[in-house]
Amino acid sequence: MKRFVTILLSTAMITTIMPFNAFGAGVTVEQKKSEREILAEEKFNELYKDAEIPDNIGDTELYDIVNKLIYGELYQQGQLTDKDREMITLAVLTTLGTNTVLKTHIYSALNAGLTPVEITETVYHCTPYVGAAKTLEAIQVVNDVFDEKGIDIPESQATVTEESRFDEGSAAQTKLFGNLGDTKPEEGEVRLGRSFLPDYCFGDFYTREGLTLEQYELLTWVCIAALGGAESQLTGHTNGNKNAGKSKEYMLEVLTDIMPYMGYPRTLNALNIINSVYDEEE
């Protein structure tokens with residue numbers, strides 16, 4: 001298993017065995033740990049204690065490159081807490097369907113202080129945006145880690161009934177976006193596409209306990225940003241987060257933290273949308 005070794009003195013000289021070069025010979029060099037590397041190792045050790053990191057991931061140079069960016073820089077700046085960062089990371093990895101890496105972040109989410117309910121609700125909430133196939137597989141990954149650690153699967157966080165889900169979902173939707181004119185379907189009515197938005201998307205998910213309405217809306221934004229190609233919906237939910245009280249600076253920090261996982265093209269598209277939504281009132 002790959003583990004960072006915490007370095008206590010930033011000025012300490014260390015001997016590093018470099019990967020085998022093209023001629024098959026190991027290269028031994030002396031180098032000084034940078035502050036970024038030290039911070040990355042310390043944060044990694046904090047978040048991944050007792051974690052199972054597959055050797056074919058943990059023993060790669062790529063893992064080190066990415067971890068130094070994430071834990072040595074992104075986790076060292078701004079107003080987001082480790083809990084915030086791990087929650088939005090779970091949503092991104094669920095959206096992308098990267099279940100091997102998702103599993104590693106279940107460990108770090110627990111170590112960051114997320115409760116089993118918060119972890120489960122984060123994955124559940126991705127369903128209307130990424131589809132049930134991905135989230136059913138992701139929740140199995142979550143449950144596997146819970147089983148390994150002797151954690152009970154959380155009880156249902158649902159608050160609505162069959163009779164109330166449309167009305168309560170509409171109320172949550174209206175709180176974030178205003179009245180969008182949705183009407184309750186008549187009994188026996190053939191329903192298509194968008195008509196399920198109030199009761200399924202908002203009623204079945206936004207009304208659940210475990211997270212706040214504002215957290216659910218932020219997770220929606222993260223899912224749509226990571227999906228890419230849904231700029232209209234991302235614009236709408238950028239406004240939803242703005243209406244929920246999220247500042248432009250906060251949204252930019254969220255975007256920056258999920259950038260390593262979803263890549264720059266989607267990041268730059270989301271950046272343009274954040275700028276357009278928050279700057280239009282200036």
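Keep in mind the model is a prediction, meaning the values are calculated, not measured.
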Could you walk me through whether Cys201 and Phe196 satisfy the side-chain contact (heavy atoms from CB on, under 4.5 Å) test, starting with their C-alpha distance in whole Å, then the side-chain angles of each, then the deciding distance to 0.1 Å, before giving a yes or no?
CA-CA 7 Å; Cys201 180; Phe196 289 93; over 6 Å; no

Could you give me the CA-CA distance, side-chain angles and deciding distance for Glu231 and Asn269, then say whether side-chain contact (heavy atoms from CB on, under 4.5 Å) is met?
CA-CA 8 Å; Glu231 281 70 26; Asn269 287 341; 3.6 Å; yes

Asp204 vs Thr127, side-chain contact (heavy atoms from CB on, under 4.5 Å): CA-CA, chis, key distance, verdict:
CA-CA 10 Å; Asp204 288 345; Thr127 305; over 6 Å; no

Could you walk me through whether Tyr261 and Thr98 pass side-chain contact (heavy atoms from CB on, under 4.5 Å), step by step?
CA-CA 10 Å; Tyr261 305 103; Thr98 50; over 6 Å; no

What verdict does the side chain to side chain donor-acceptor pair (under 3.5 Å) test give for Asn275 and Lys248, after you've listed the backbone C-alpha separation in whole Å, the side-chain angles of each residue and the deciding distance to 0.1 Å?
CA-CA 8 Å; Asn275 286 335; Lys248 179 180 179 181; 3.1 Å; yes

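Of all heavy-atom pairs between Ala112 and Lys83, the closest is O-CG, 3.0 Å. Of all the heavy atoms in Gly72 and Gln76, the pair that sits closest is O-CG, 3.3 Å. Minimum heavy-atom separation, Gln77 to Thr256: NE2-CG2, 4.3 Å. The shortest heavy-atom contact between Arg266 and Ala225 is CB-O, 3.8 Å. What you find for Thr174 and Asn179 is that their closest heavy atoms are CG2-N, 3.8 Å. Minimum interatomic distance between Thr104 and Glu52 (heavy atoms only, all atoms of both residues): CG2-O, 4.1 Å.
Of the options Ile274, Val222, Asn241, a side chain to side chain contact (heavy atoms under 4.5 Å, CB included) to Val254 is made by Val222 and by none of the others.
Rounding to the nearest 0.5 angstrom, the gap separating the CE atom in Met262 from the SG atom in Cys223 is 11.5 Å. One finds the OG1 atom of Thr267 at 6.5 Å from the CD1 atom of Ile258 (value rounded to the nearest 0.5 Å). The distance from atom CG of Leu252 to atom CG of Leu271, rounded to the nearest 0.5 Å, is 6.5 Å. In this structure, Met87 CE and Leu114 CG are separated by 5.0 Å, a value rounded to the nearest 0.5 Å. To the nearest 0.5 angstrom, His125 atom NE2 is 9.0 Å from Leu218 atom CG. Distance check: Leu197 CG to Gln173 CD gives 5.0 Å after rounding to the nearest 0.5 Å.
Looking only at side-chain heavy atoms (C-beta outward), Phe202 and Thr207 stay at 4.5 Å or farther from each other. For the pair Tyr278/Ser247, no side-chain contact is recorded, criterion being any heavy-atom separation below 4.5 Å from C-beta on. Annotation: side chain of Trp221 is in contact with side chain of Met251 (closest heavy-atom distance under 4.5 Å). Using a 4.5 Å heavy-atom cutoff, the side chains of Leu219 and Thr122 are in contact. Side-chain atoms of Glu42 and Tyr71, non-hydrogen and from C-beta on, never get closer than 4.5 Å to each other. Side-chain contact between Ile151 and Leu110: present, with at least one pair of heavy atoms (C-beta onward) separated by less than 4.5 Å. Between Glu137 and Val141 the shortest side-chain heavy-atom distance does not fall below 4.5 Å. Under the 4.5 Å side-chain criterion, counting only non-hydrogen atoms from C-beta, Val277 is in contact with Ile273.
Other members of the hydrophobic cluster containing Leu192, listed by chain and number, are Val190; membership follows side-chain contacts under 4.5 Å among ILVMFWY residues, whether direct or relayed.
Residue Tyr124 qualifies as open at atom OH: its count of foreign heavy atoms under 6.0 Å is 12 or below. By the 6.0 Å contact criterion, CD on Glu186 is open, its count of non-hydrogen atoms from other residues, nucleotides or ligands being 12 or less. More than 12 heavy atoms of other shown residues, nucleotides or ligands fall within 6.0 angstrom of atom CD in Gln79.
With salt bridges taken as basic N to acidic carboxylate O contacts below 4.0 Å, none links Glu73 and Lys68. Between Lys184 and Asp199 no salt bridge is recorded (no basic side-chain N to carboxylate O distance below 4.0 Å). The residues Glu214 and Lys246 are annotated as not salt-bridged, no charged nitrogen and carboxylate oxygen being separated by less than 4.0 angstrom.
Of the possible polar contacts, one joining the Glu118 side chain to the Thr115 backbone as a donor-acceptor pair under 3.5 Å is found. Side-chain N or O atoms of Glu168 include none that pairs as donor or acceptor with a backbone N or O of Arg165 at under 3.5 Å. Between the side chain of Asn111 and the backbone N or O of Lys49, at least one donor-acceptor pair lies under 3.5 Å. Of the possible polar contacts, one joining the Arg85 side chain to the Leu80 backbone as a donor-acceptor pair under 3.5 Å is found.
In summary, the side chains of Thr81 and Asp84 do present a donor paired with an acceptor at a separation below 3.5 Å, with no hydrogens or angles considered. For Glu37 and Ser34, the side-chain atoms include at least one donor-acceptor pair closer than 3.5 Å.
There is a path of hydrophobic side-chain contacts, each under 4.5 Å, that joins Ile57 to Val66.
Every pair tested for salt bridge (charged side-chain N to carboxylate O under 4.0 Å, His left out) that includes a residue from residues 142-151 fails, sequence neighbours excluded, so the list is empty.
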